[in-house]
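This report refers to the structure that appears directly beneath it.
Note that this is a predicted model, so its numbers are computed, not measured. Order of the sequence lines fixes the chain letters, A, B, ..., with proteins taken first and strands second; residue numbering starts at 1 for each chain.
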Amino acid sequence: MAQKPSIPKGTRDFSPQEMVRRNYIFDTIKKVFQRFGYLPIETPAMENLSTLMGKYGDEGDKLIFKILNSGDFKSGVDMNLEAKQLTNKISEKALKYDLTVPFARYVVQHQSEITFPFKRYQIQPVWRADRPQKGRYREFYQCDADVIGSNALINEVELTQMIDDVFTTLKVPVVIKINNRKILGGIAEVIGEKEKIITITVAIDKLDKIGADGVIKELQENGISEAAIQKLQPLIEFKGTILEKVNFLKGLLSSSEIGVKGIEEVEYIFKTVEALKLNTAEVELDITLARGLNYYTGAIFEVKANVGTLSSSICGGGRYDDLTGIFGLPNMSGVGISFGADRIYDVLNEMNLYPESVAASTKVLFVTFGEAEQNYCLPLLAQVRKAGINSEIYPDAGAKMKKQMGYADDKKIPFVCIVGSDEMQSGMLTLKNMSSGEQEKIRIEDIIQKLK
RNA sequence: GUGGCCAUAGUUCAGUUGGUUAGAAUAUCGGUUUGUGGUACCGAGGGUCGUGGGUUCGAGCCCCAUUGGCCACCCCA
């Protein structure tokens, strides 16, 4: 037997049923993006390697899928070079790792054509050479909405509303966790470890996984002073409402200019969101939230489903004050969010949250007994289709009824129109409702009326 | 990059202390039923047991290697 064909690790095929469900998610997200005034763009699957390298940290660089140069890629190259240097010699393109960096590149490249603030959305696959596991794929879709060229916090508020709108429509209960990089900076400053902000935030981020003791241990191991840890401790253990947290932080960070700024921002966002009222999503101020530290400078968002077994985030985002600076366009502030369509799909699947209408496509199947009947049906079929009704005819003339009915049953087609010699003579077609089993003699015009 | 678990039909799995033609369910196709699907009954096809090596008279089962999958860490959508 020949080797069974397969696809690369961490990638998936999607069946018709899966595609219908995925499109439902994409459509929902797209509609919300458009409702808030975001317009679509697309960028290539591959970027120049130099565009991507160094934007996601050392870990990220390793996870970028590099594309081997075409032709004799080893010509004139010293193959004994270190892996990292060799990569740059034999690869100059790579699959995109996210949508934000290509977007930044797009903005810089097309800056003279763009009116700012620029609100764009982008729904495309990205690739990461990660080791796959639950909710983690090597090829997956991100659905990004970003606004660039505006410092206003109203953007953060609107993004929160968009998250709420999407998950309300999809009927997924979620909690939106919000933090601010400036608060994290303020904390590091206040405890006298300003330089080690990344170490500190990465450790605090693990709080709900390894507990307060674990966090303290990790801080010690990473050379954070005892004095600093002691100052940090009440903060780690603080519990309360958003307002209580804000007030607590105000006291704690009063000596840090950046910290105070961060609290002000967060306070504005929460107060405005609360005044406007969300539909179903919960919001939470989570100072342990530390993500995308390589470029976020202000607000940080993360969304988790309140149902199901998937513990990783299904949406994330934040503000970056200078993402385009690295491509030569400084002082361009942006804020955005990214929905993980594949993880959302997993949650909806697990919870069985698809509306009925997501299943059916074809409304009616013409069932015939031979070529004469088929020929009779073809103009009727055209008529039905012209009326905008999804319909099909069983293509093989003379196939057994059992076969044709089974086809309709399998495709969950709600109606079949049976045409034999009687029907051809009288023009009264037999329309059968597949779920109730009832059938009636009816004219084609009435079928169209009924199914429209 | 580190660690754990697993690998038998398209799919989900059984397979006794190692023993002769590797089973079931489900799916597919056909029949009972040539103008009526979902149910029922009958039948068929489909496997060099992930791959390579070793131990043994004999390996789906034991040993080694390798590849792939799932899960956790790291990181992230």
Rounding to an integer number of angstrom, what distance separates [N] and [M] when you compare their [atom1] atoms?
N      : M      : atom1 : value
B:rG47 : B:rA22 : P     : 13 Å
B:rC29 : B:rG10 : P     : 16 Å
B:rG38 : B:rC74 : C1'   : 50 Å
B:rG54 : B:rG68 : P     : 23 Å
B:rC6  : B:rC62 : P     : 11 Å
B:rG46 : B:rG35 : C1'   : 33 Å

Would you check if A:K30 and A:Y121 make a side-chain contact, meaning some heavy-atom pair closer than 4.5 Å?
yes
Within a strict 4.5 Å, meaning less than it, do heavy atoms of the A:F366 and A:E373 side chains meet?
no
If you measure from CD1 on A:I204 to CG on A:D286, what distance do you get to the nearest 0.5 Å?
10.5 Å
Looking at OG1 of A:T297 and OH of A:Y320, how far apart are the two atoms once the value is rounded to the nearest 0.5 Å?
10.0 Å
A:F339 pairs by ring pair (Phe, Tyr, Trp, His ring centres under 6.0 Å) with which of A:F167, A:Y141, A:F26?
A:F167
Pairing annotation in dot-bracket form, given for RNA chain B with Watson-Crick or G-U pairs under 3.5 Å and | for cross-strand partners
(((((((..((((.....[...)))).(((((.......))))).....(((((..]....))))))))))))....
Kindly state each residue pair satisfying side-chain hydrogen bond (donor to acceptor under 3.5 Å, both in side chains) with at least one member in residues 40-50 of chain A, sequence neighbours excluded.
A:T43-A:K96, A:T43-A:Q122, A:E47-A:R105
Atom pairs and distances, side-chain donor-acceptor, residues 392-401 of chain A, under 3.5 Å, sequence neighbours left out:
residue, atom, partner, partner atom, Å
A:E392, OE1, A:Y407, OH, 2.9
A:E392, OE2, A:T362, OG1, 2.8
A:E392, OE2, A:K411, NZ, 3.0

[N] [atom2] sits how many Å from [X] [atom1], rounded?
X      : N      : atom1 : atom2 : value
A:R138 : B:rC76 : CZ    : C1'   : 14 Å
A:D58  : B:rC76 : CG    : P     : 13 Å
A:D130 : B:rC74 : CG    : C1'   : 9 Å
A:D61  : B:rG1  : CG    : P     : 16 Å

Assign A:K304 to base, sugar-phosphate, or nothing according to its heavy-atom contacts below 4.0 angstrom with the strands shown.
nothing
What contact category does A:C143 fall into here, base, sugar-phosphate, or nothing, at under 4.0 angstrom with non-hydrogen atoms?
nothing
Contact list (N/O, under 3.5 angstrom) for nucleotides 68-70 of chain B vs protein:
residue, atom, partner, partner atom, Å
B:rG69, OP1, A:K9, N, 3.4
B:rG69, OP2, A:K9, NZ, 3.4

When every nucleotide of nucleotides 33-39 of chain B is labelled 5' to 3' by its protein contacts under 4.0 Å (heavy atoms), B for base, S for sugar-phosphate only, - for none, what sequence of letters results?
--BBBB-
Might you confirm whether atom CD1 of A:I154 has over 12 heavy atoms from other residues, nucleotides or ligands at distances under 6.0 Å?
no
I'd like to check the side chain to side chain donor-acceptor pair (under 3.5 Å) partners of A:K441; sequence neighbours left out, ordered by chain and number.
A:E423, A:T430
